[in-house]
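Below is one structure, written out as structure tokens; comments come after it.
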Amino acid sequence: MKFFLDTADLDEIKEAASWGALAGVTTNPTLYSRIGGKLDDFYNHIERICDIVDGPVSAESVAMTRDEIVRDGRELARIAPNVVVKVPTMVEGLAACRTLADEGIRVNMTLCFTVPQAILAARAGARYISPFVGRFDDISENGLAQLEDVVTAINNYDYTENTVNGEQIEIIAASIRSANHVTQAALMGADIATVPFNVLKKMIQHPLTDRGLESFLKDWEKVKNA
Ligand SMILES: O=C[C@H](O)COP(=O)(O)O
């Protein structure tokens with residue numbers, strides 16, 4: 001499994017990148033608004049993220065028609081070679097995904113909740129598909145079970161004839177709210193988890209690690225004083 005950071009916060013991205021395990025970044029309009037992002041600085045901000053991270057950086061189109069999404073997608077893709085255009089899983093999004101993929105622009109189909117949505121996204125040329133886990137849980141559904149169905153259904157078929165350069169589709173477990181979501185997503189074979197920074201910090205923590213480290217350090221003091 002690879003890890004993307006789900007944020008637009010440059011400090012979080014720099015810190016996570018310094019850990020050595022970060023493969024990419026995903027942003028969305030909410031995350032950009034959360035850092036006080038301004039409309040006329042959006043492209044520059046995506047460029048700043050691309051300067052920090054070599055891997056895929058998802059930047060979302062907020063357009064609602066296929067022509068506008070395609071126009072957005074072309075402009076976003078011009079920012080840097082690692083920009084992935086994030087497009088909502090809806091009819092206009094599918095049509096735009098097909099056009100962008102045919103032009104060699106990688107698309108991350110977001111706001112995906114079901115297997116039929118995921119299969120349509122795959123056939124429309126998506127490079128990444130982002131099933132949302134936490135938002136299903138929010139409405140008392142089982143987000144992990146839905147994610148597992150998408151992983152199984154997508155892995156049952158070969159979509160490389162549909163994708164840019166015949167690349168393999170990767171499933172991004174999105175809307176991740178806990179380290180356990182990451183564990184379960186990895187066990188079911190999701191390719192990527194995009195995690196908020198607070199979840200990334202929890203992923204490295206365990207009380208037995210802390211307790212073990214404390215006793216090792218204490219015993220090393222004894223060795224030094226022996
Ligand atoms: O845009 C994708 C995010 O992973 C959504 O996460 P969220 O449900 O926590 O807002």
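Excluded from the calculations below are hydrogen atoms, water molecules and symmetry mates; all remaining heavy atoms, backbone and side chain alike, are included. Order of appearance sets the numbers: ligands from 1, and atoms from 1 within every ligand. For clarity, every value in this text was computed on a predicted model and none was experimentally measured.
For the residue pair Val84 and Pro56, the shortest heavy atom distance occurs at CG2-CB, 3.7 Å.
Within the 4.0 Å heavy-atom shell around ligand 1 one finds Lys86.
In this structure a side-chain-to-backbone donor-acceptor pair under 3.5 Å is missing from Thr163 to Gln168.
The protein heavy atom nearest to atom 3 (C) of ligand 1 is Asp6 OD2, 3.1 Å. The protein non-hydrogen atom at the shortest distance from atom 6 (O) of ligand 1 is Ser175 CA, 3.3 Å. Looking only at protein heavy atoms, the nearest one to atom 9 (O) of ligand 1 is Arg177 NE, 3.1 Å.
Side chains of Thr65 and Glu92: a donor-acceptor N/O pair is absent below 3.5 angstrom, by distance only. Donor-acceptor pairing under 3.5 Å is recorded for the side chains of Thr194 and Thr26.
Taking every heavy atom of Phe132 and a limit of under 4.0 angstrom, the matching atoms of ligand 1 come to 1 (O), 2 (C), 5 (C). The Asn28 neighbourhood of ligand 1 comprises atoms 1 (O), 2 (C), 3 (C), with distances under 4.0 Å to a heavy atom of that residue.
In this structure, Asn198 places its CG atom where more than 12 heavy-atom neighbours from other residues, nucleotides or ligands lie under 6.0 Å away.
Here's the thing with Arg135: one of its N/O atoms is less than 3.5 angstrom from an N/O atom of ligand 1.
Taking the six-membered ring for Trp and thresholds of 30 and 60 degrees, Phe136 and Phe113 have ring planes more than 60 degrees apart, a perpendicular arrangement.
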